[in-house]
Number of protein chains: 2
Amino acid sequence: MQKETATVTLEEWEIELLNVFVGLFDTFGVPKSVAQIYGVLFCADGPLSQEEIGQKLQISAGSASQGLRLLVELGAAHKQSVPGQRGNQFTAERSMRRLLGYFIDAKMRPRMRTGKERLEALRDQLPPENKLAQQRLESLLQWQDKAGKLLPLISKFLG
Amino acid sequence: MQKETATVTLEEWEIELLNVFVGLFDTFGVPKSVAQIYGVLFCADGPLSQEEIGQKLQISAGSASQGLRLLVELGAAHKQSVPGQRGNQFTAERSMRRLLGYFIDAKMRPRMRTGKERLEALRDQLPPENKLAQQRLESLLQWQDKAGKLLPLISKFLG
DNA sequence: TCTTTATTTCATAAAAAAATGAATCTATAG
DNA sequence: CTATAGATTCATTTTTTTATGAAATAAAGA
């Protein structure tokens with residue numbers, strides 16, 4: 001079978017965009033290499049294989065695999081296995097709304113939920129005479145509450 | 001001078017709250033120990049000295065110093081030097097709105113600004129016939145734009 | 001001033017996170 | 001079925017981040 005001769009080197013403008021993504025993603029604690037993989041997909045003209053991504057970024061197959069897995073988990077990348085073809089293809093989720101939405105669902109909500117449960121459990125076993133503890137606990141529960149209402153609004157705004 | 005016999009150990013409920021803060025802050029890449037320092041301040045009944053914080057968390061003076069510096073930079077803690085008294089006192093910023101607002105100003109805006117500048121510079125030197133690059137660049141600039149409009153709305157909502 | 005206590009700095013140590021690469025598993029082509 | 005390209009896993013290595021502690025600095029009391 002004819003080997004595809006795709007571009008395996010990053011262009012100047014792609015590198016520049018990648019750096020911006022690295023900064024953006026870092027705000028949410030996503031590692032540099034993962035942001036770079038996303039960036040490559042974002043810039044690409046079509047789906048890319050894991051191999052192509054690895055070549056462009058000069059990273060190992062293991063690294064590419066792990067990074068792509070994280071991105072797929074976060075909903076930032078989509079994996080498609082094309083029938084009648086080995087390997088998988090990846091594309092970037094380019095909608096900012098969906099990107100943030102997935103991130104919120106995958107990372108923020110679970111944490112907020114367990115946090116809330118913990119706090120509510122604590123409230124039930126906290127002596128009522130401990131006014132300070134009661135008060136601090138209430139403050140924090142209010143944060144959770146506000147955040148829970150804010151997140152959908154963000155999605156809406158971006159939609 | 002009489003030595004103050006403040007509580008140097010964390011109570012059960014404080015530890016629980018600290019853990020919640022660790023989770024929340026981690027979402028934005030703030031290290032555990034820094035989140036814990038914030039938690040201690042948040043729970044406290046009044047201002048605390050760096051020494052008291054260090055004792056409660058069993059961390060070194062250097063660690064406390066660096067962690068507090070970061071929190072102050074982020075606007076998550078306030079430092080006050082009480083006249084006629086050695087050392088400084090620290091308090092937590094307990095307003096969620098201000099907390100997020102400061103964070104946005106301190107960490108997100110600068111990144112977005114430099115990102116935007118970079119992208120605009122790139123746009124000016126990008127050959128117009130490179131349609132793909134043009135298009136991707138525009139997408140990303142639109143993200144910046146949306147984000148720039150979203151951030152104030154968040155502050156407003158929390159206010 | 002000198003002394004003592006609080007704080008910061010920064011080189012080093014410790015810990016945590018991320019990348020590698022070899023072994024393993026999977027799936028397709030032949 | 002067998003051979004092979006592709007993908008994944010995971011123990012190990014590398015890199016990065018964070019914490020420590022000793023030394024330097026600052027600031028207040030005597």
Side-chain angles (χ1 to χ4, degrees), chain A residues 1-6 8 18 21-23 25-41 47-74 77-91 107, chain B residues 1-4 6 8 22-23 25-41 47-74 77-90 107:
Chain A
M1 189 195 265
Q2 169 86 32
K3 187 80 180 179
E4 189 82 33
T5 41
V8 294
L18 257 60
F21 282 118
V22 169
F25 279 51
D26 183 51
T27 310
F28 297 101
V30 177
K32 187 168 81 169
S33 67
V34 177
Q36 288 174 326
I37 294 174
Y38 178 83
V40 166
L41 291 174
L48 295 180
S49 69
Q50 177 177 304
E51 195 191 4
E52 289 170 303
I53 296 163
Q55 283 177 332
K56 281 184 198 255
L57 291 172
Q58 311 261 51
I59 58 178
S60 68
S63 226
S65 175
Q66 291 168 176
L68 282 166
R69 173 152 42 115
L70 178 58
L71 286 173
V72 170
E73 277 170 17
L74 292 176
H78 303 291
K79 183 183 195 166
Q80 44 202 186
S81 52
V82 182
Q85 194 182 318
R86 285 191 196 196
N88 300 305
Q89 298 284 92
F90 294 88
T91 52
K107 293 211 82 175
Chain B
M1 188 197 263
Q2 169 85 32
K3 187 79 179 179
E4 189 82 33
V8 294
V22 169
F25 279 51
D26 183 50
T27 310
F28 297 100
V30 177
K32 188 167 79 168
S33 67
V34 178
Q36 289 175 325
I37 294 175
Y38 178 83
V40 166
L41 291 174
L48 295 180
S49 69
Q50 177 176 304
E51 195 192 4
E52 289 171 302
I53 295 163
Q55 284 177 332
K56 280 185 198 255
L57 291 172
Q58 312 261 49
I59 58 176
S60 67
S63 226
S65 173
Q66 289 169 178
L68 282 166
R69 170 151 44 114
L70 178 59
L71 286 173
V72 169
E73 277 170 18
L74 292 177
H78 303 292
K79 184 182 192 166
Q80 45 201 182
S81 52
V82 182
Q85 194 183 316
R86 288 189 195 201
N88 300 305
Q89 298 283 89
F90 294 88
K107 292 212 83 175

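Atoms considered below: every heavy atom in the structure, side chains included; atoms not considered: hydrogens, waters and symmetry mates. Proteins get letters first, then strands, A, B, ... in listed order; numbering begins at 1 in each.
- As a whole-Å value, the separation of Phe90(A) CZ from dA7(D) C1' is 9 Å.
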> For every nucleotide of nucleotides 24-30 of chain D, 5' to 3': is a protein heavy atom under 4.0 Å from its base (B), only from its sugar-phosphate (S), or from neither (-)?
Replying inline: ----BS-
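- Taking 4.5 Å as the limit, every side-chain heavy atom of Asp26(A) sits out of range of all side-chain heavy atoms of Lys32(A).
- Set against dG21(D), dA7(D), dT20(C), the side chain of Gln50(A) has dA7(D) as its closest nucleotide.
- Ring orientation note: the planes of Phe25(A) and Tyr38(A) are tilted relative to one another, at an angle of 30° to 60°.
- Separating the CG atom of Leu57(A) from the P atom of dA18(C) is a distance of 16 Å, rounded to the nearest angstrom.
- One atom, CD1 of Ile37(B), and another, C1' of dT20(D), lie 14 Å apart when rounded to the nearest Å.
- Listed candidates were dT8(C), dA6(C), dG21(D). Nearest to the side chain of Ala61(B) is dT8(C).
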>> Please evaluate residues Gln36(B) and Val22(B) with respect to the criterion side chain to side chain contact (heavy atoms under 4.5 Å, CB included), reporting the C-alpha separation (whole Å), side-chain torsions for both, the decisive distance (0.1 Å), and the verdict.
In response: CA-CA 6 Å; Gln36(B) 289 175 325; Val22(B) 169; 3.8 Å; yes
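- Evaluation of the side chain to side chain donor-acceptor pair (under 3.5 Å) test over residues 57-67 of chain B, restricted to residues two or more places apart or in two chains, returns none.
- Rounded to whole Å, atom C1' of dA7(D) lies 14 Å from atom CD of Gln89(A).
- Distance, Glu73(A) CD to dT8(D) P: 12 Å, rounded to whole Å.
- Between Asn88(A) atom CG and dT8(D) atom P the separation is 6 Å, expressed in whole Å.
- Partners of Phe90(A) by ring-ring contact (aromatic ring centres under 6.0 Å, His included), not counting sequence neighbours: none found.
- Residues Ile53(B) and Lys56(B) form no side-chain contact, since every pair of their non-hydrogen atoms from C-beta on lies 4.5 Å or further apart.
- For DNA chain D, no neighbouring residue in residues 25-35 of chain A is found when judged by any heavy atom under 4.0 Å.
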> After noting the C-alpha distance and the side-chain angles of Leu74(A) and Lys107(A), does the key distance pass the side chain to side chain contact (heavy atoms under 4.5 Å, CB included) rule?
Replying inline: CA-CA 8 Å; Leu74(A) 292 176; Lys107(A) 293 211 82 175; 3.6 Å; yes
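- Residue Ser60(B) has its side chain nearest to dG21(D) when only dT8(D), dG21(D), dT8(C) are considered.
- Note: CD (Gln36(B)) to C1' (dT18(D)) measures 12 Å, nearest angstrom.
- Atom CG of Asn88(A) sits about 14.5 Å away from atom NE2 of His78(A), to the nearest 0.5 Å.
- Non-hydrogen atoms lying under 4.0 Å from DNA chain C are contributed by Gly62(B), Ser65(B), Gln66(B), Arg69(B), all within residues 62-69 of chain B.
- Evaluation of the side-chain hydrogen bond (donor to acceptor under 3.5 Å, both in side chains) rule for Thr91(A) yields no partner, not counting sequence neighbours.
- Rounded to whole Å, atom C1' of dA5(D) lies 13 Å from atom CD of Gln55(A).
- The closest donor-acceptor contact from the side chain of Glu52(B) to the backbone of Ser49(B) lies under 3.5 Å.
- Nearer to the 5' terminus of DNA chain D, by closest-nucleotide assignment, is the contact made by Lys79(A) (compared with the other of Gln58(B) and Lys79(A)).
- Between the CD atom of Glu73(B) and the CZ atom of Arg69(B) there is a distance of 6.5 Å, given to the nearest 0.5 Å.
- Here the straight-line distance linking atom CG of Leu68(A) with atom CD1 of Ile37(A) works out to 5.0 Å at 0.5 Å rounding.
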